[in-house]
Each structure stands twice: as structure tokens, then as C-alpha cells.
2 protein chains.
Amino acid sequence: MPRSFGKGLGWCHGRFKGYGYRLTLSRQAILDVLSKTSEHLSAEEIYHHAYKIHPSSGMSTVYRTLELLAQLQLVYKFDFGDGRARYELNRGIEDKNHHHHHLICINCQRIINYTDFIDEEVELLNKTEKGLTKKYNFRIMKHILQFYGLCERCKEKK
Amino acid sequence: MPRSFGKGLGWCHGRFKGYGYRLTLSRQAILDVLSKTSEHLSAEEIYHHAYKIHPSSGMSTVYRTLELLAQLQLVYKFDFGDGRARYELNRGIEDKNHHHHHLICINCQRIINYTDFIDEEVELLNKTEKGLTKKYNFRIMKHILQFYGLCERCKEKK
DNA sequence: CTCCTTATTGGGAATAATTCCCACTTCCAA
DNA sequence: TTGGAAGTGGGAATTATTCCCAATAAGGAG
């Protein structure tokens, strides 16, 4: 919403206008939802939360907006293997130190953002990226690194 | 089929029986298809190929069988971001040196198995895995490492 | 502030991969 | 040979996502 929106998302506004996009109430509501959670919400979850802020947003709009935001790199779109996409606000633009990878429980879907070893990981990924770019003549645009397993709780029950 | 099946897949037979599963014609056909390709086939592609060998296999059976094979670790199930699962025979059991990761073209879906830097990658992944296991008390069961981009050809056209 | 152009929207229908269901078949061990 | 369990086919059901298009709203110009 207008008020809370100002907090940390003002920069989005410029980004939108810069590309000729309109910052509508639906889009604000969706950005607002994403900015207020640390969870990795699905489109439907975002839809439900956005509903409370701006009740007339439909699913189509949610999907379209998320697609747009992903394209603008304002959000990341992830697949954690449970058959639906999940979205996370890209906080990295204003706040470095937020770069992380994911550890996913295949039983309860709990997701942990970890930053351990992240520097080494990023270093190796960059190196590999360079090597692959050269050898296979690719233009690499993104990578995925995820660990899957059973979390503390789910491990017991099996 | 029976004859060609003997080539390199004999060990599957034992694996099946060991778990009390039956090695039916449908299952043989599917394993046969997977053993004869280096591509990453989707369930539907596997279905079509298997059809030539054993025409009465239905889609349900293909999905069920692939699920079973993945569970037995005889095949790997991958998601390359194009909305359908893809499957690859696990040749690692008899043939080391086949461990690889994937480089995927987001435009034409071409997939390259690369082994460059694989030792360093595996080393870092193992280390990270150990660290995460300890810190978050997870039982890690698998990881995903993939690079996405535009291949040589698709890069030009954009 | 109002008007005009055009991006954006809602919602219902369409799509597509995968899973479900269940009567029928096949396999194997006794 | 037979009984029960494992496996099967195919069509229906499920589910996330995309498509479509008439109606709406954003925001710059006047």
C-alpha cells in the first residue's frame, strides 16, 4: 500500500517508470507482500496475501506481475521441486550480504537460506561459468545450486 | 528387448528382484530406451520410443516405472525448467567417469553434459554438504547444480 | 482537473504434465 | 494348477499456469 510502500521499495518505482511500466495498485500490493516476508511464497500464496491489501487482484494478474518482476530482476523465481514456482524479492540490489543458496526439506518443504561457504561457492561458480562460457560458447545467464534432504524433524519420523 | 537387454543392463535384473519387483516387458522396454540414448528424454518421448518396442505400454506405466526407477536410483530425474521432467539412465554404477552436471540453453533446450571442473565442484559440494549437515542437522540426499544460458546458435539470433 | 491513449486487469476457459482409479492381466510360488 | 500379489492400460481427475478479450485505470498533455 502507498504508505508502507515507501519504506524500502521506492527504488522500484523508478525502475518501473524507466521501462515504461505502470506501478498499479495490484503490482504495489504484490511487491508489498513480497517485501514483508522472508518466506518463499507460491503464486497462490501471494494471491491470498495480496487479496487482503487489494481485494480485486486476480490470479492472472499475480502471475503476469511475477513474470514481469522476474524479468526486471526485482524478484527471483525458484523451483524447489514441489510442482509450483516460488518467489523471493531480490534484496541484493540495495542490500549486499543477502546472497544465499537454499537447503530444502523434501518432506515438509521447509526451506533454509544458507550463506555458509557462500563465498567459496560463488568463486567456484564464477570460475566454472567462465570456463563453460569459453569452451561451449554459451552466454550463461543464471545458475542453480540447491541441496535437498530431510530436516531435523522429518529425519526422525522416518 | 530380451536380446539387447543383456548388453549392459543385466545388473538391473538382480536389482529388481532383490527388491521384490518384477522386470516386466514394459519396464524392460523403458530401460532399453534409456540405455540407448544419450539425450535427456521426457516421459512422453520415452513413451513414444517404448511404443516401438512394446506397443501396449501406456503413459501411466511409463510414469510409474520412471518413478520406480528413480527411487531405485537406476535413473535420474531432472527438471530443466521447461515444464516437464526429463530422465537419464544412471550409468555411474557400473561406469565411473560418467558423473557430470548440466548446461542448458533456455532458448532451444539443448543440454550439454559437462565434466569440466567436475572434481573441484564435487569436492566443494561434499564439503558444503558436510557443513550443512552439521549446522542445520539435515540429512542431505541430493544436490542440483545447473547453468542456464544461450547456446552458440541462439546467442546470435537475439 | 479532465481527457485520451494505451497499458493493465479480471475471470473464466483452455492447456498440459502428471496422478488417480479400478477392473483386468500377468507373474510366481506353493 | 491355482491363488494372491504385483503390474497394467486407459480414461478421468487434478493442478499449476497461460490465454483471451471486453472492461478498467494510470498518467502525461492540455
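Quick note: numbers below take in every heavy atom, side chains included, and nothing from hydrogens, waters or symmetry partners. Reminder, nothing fancy here: chain letters follow the sequence lines and each chain counts from 1. Note that the structure is predicted; figures quoted are calculated from it, not measured.
Interface remark: the A/S60 side chain does form a donor-acceptor pair with the C/dG11 base, using a distance-only criterion of under 3.5 Å. Within 3.5 Å, no donor on the side chain of A/R22 pairs with an acceptor on the base of D/dG28, nor the reverse.
Taking atom NE2 of residue B/H54 and atom P of nucleotide D/dT8, one finds them 9 Å apart after rounding to whole Å. Nucleotide D/dG7 holds its P atom 11 Å from the CG atom of B/L72, rounded to whole Å. Nucleotide C/dG10 holds its P atom 9 Å from the CD1 atom of A/I30, rounded to whole Å. D/dT18 atom C1' lies 16 Å from atom CD of A/E44, rounded to whole Å. In this structure, A/R86 atom CZ and D/dA16 atom C1' are separated by 12 Å, rounded to whole Å. At whole-Å resolution of the value, CG in A/L23 and P in D/dA25 are 16 Å apart. A straight line from CD of A/Q28 to C1' of D/dA26 spans 11 Å, rounded to a whole angstrom. Whole-Å rounding puts the A/Y21 OH to C/dT5 P distance at 23 Å.
Taking 4.0 angstrom as the limit, A/S57 places none of its side-chain polar atoms (N or O) nearer than this to OP1 or OP2 of C/dT9. The phosphate of C/dT18 (OP1 or OP2) has a side-chain N or O of B/Y63 nearer than 4.0 angstrom. Distances shorter than 4.0 Å separate none of the side-chain N or O atoms of A/R64 from OP1 or OP2 on C/dA7. Remark: B/S56 is not in phosphate contact with C/dT25, judged by side-chain N or O atoms under 4.0 Å from OP1 or OP2. Distances shown here put a side-chain N or O of B/R84 below 4.0 Å from the OP1 or OP2 atom of C/dA17.
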Practice task
Just do the side chain to side chain donor-acceptor pair (under 3.5 Å) check on A/Q28 and A/H13 with the steps written out, would you?
Solution key: CA-CA 9 Å; A/Q28 286 180 43; A/H13 198 272; over 6 Å; no
Practice task
For B/N137 and A/K155, run side chain to side chain donor-acceptor pair (under 3.5 Å): C-alpha distance rounded to whole Å, both residues' side-chain angles, the deciding distance at 0.1 Å, then the answer.
Solution key: CA-CA 9 Å; B/N137 205 7; A/K155 207 164 64 170; 2.7 Å; yes
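The residue A/S26 sits close only to the backbone: its heavy atoms come under 4.0 Å of sugar-phosphate atoms, none of a base.
Classification of A/K77 and A/E67 as a salt-bridged pair holds, one side-chain N sitting under 4.0 Å from a carboxylate O. Taking a cutoff of 4.0 Å between a charged side-chain nitrogen and a carboxylate oxygen, B/D79 and B/R86 do not qualify as a salt bridge.
Judged by closest nucleotide on DNA chain C, B/K77 is the one of B/K77 and B/T24 placed further toward the 5' end.
Remark: of the listed residues B/H101, B/H99, B/H100, B/H101 is the sole one forming a side-chain hydrogen bond (donor to acceptor under 3.5 Å, both in side chains) with B/E121.
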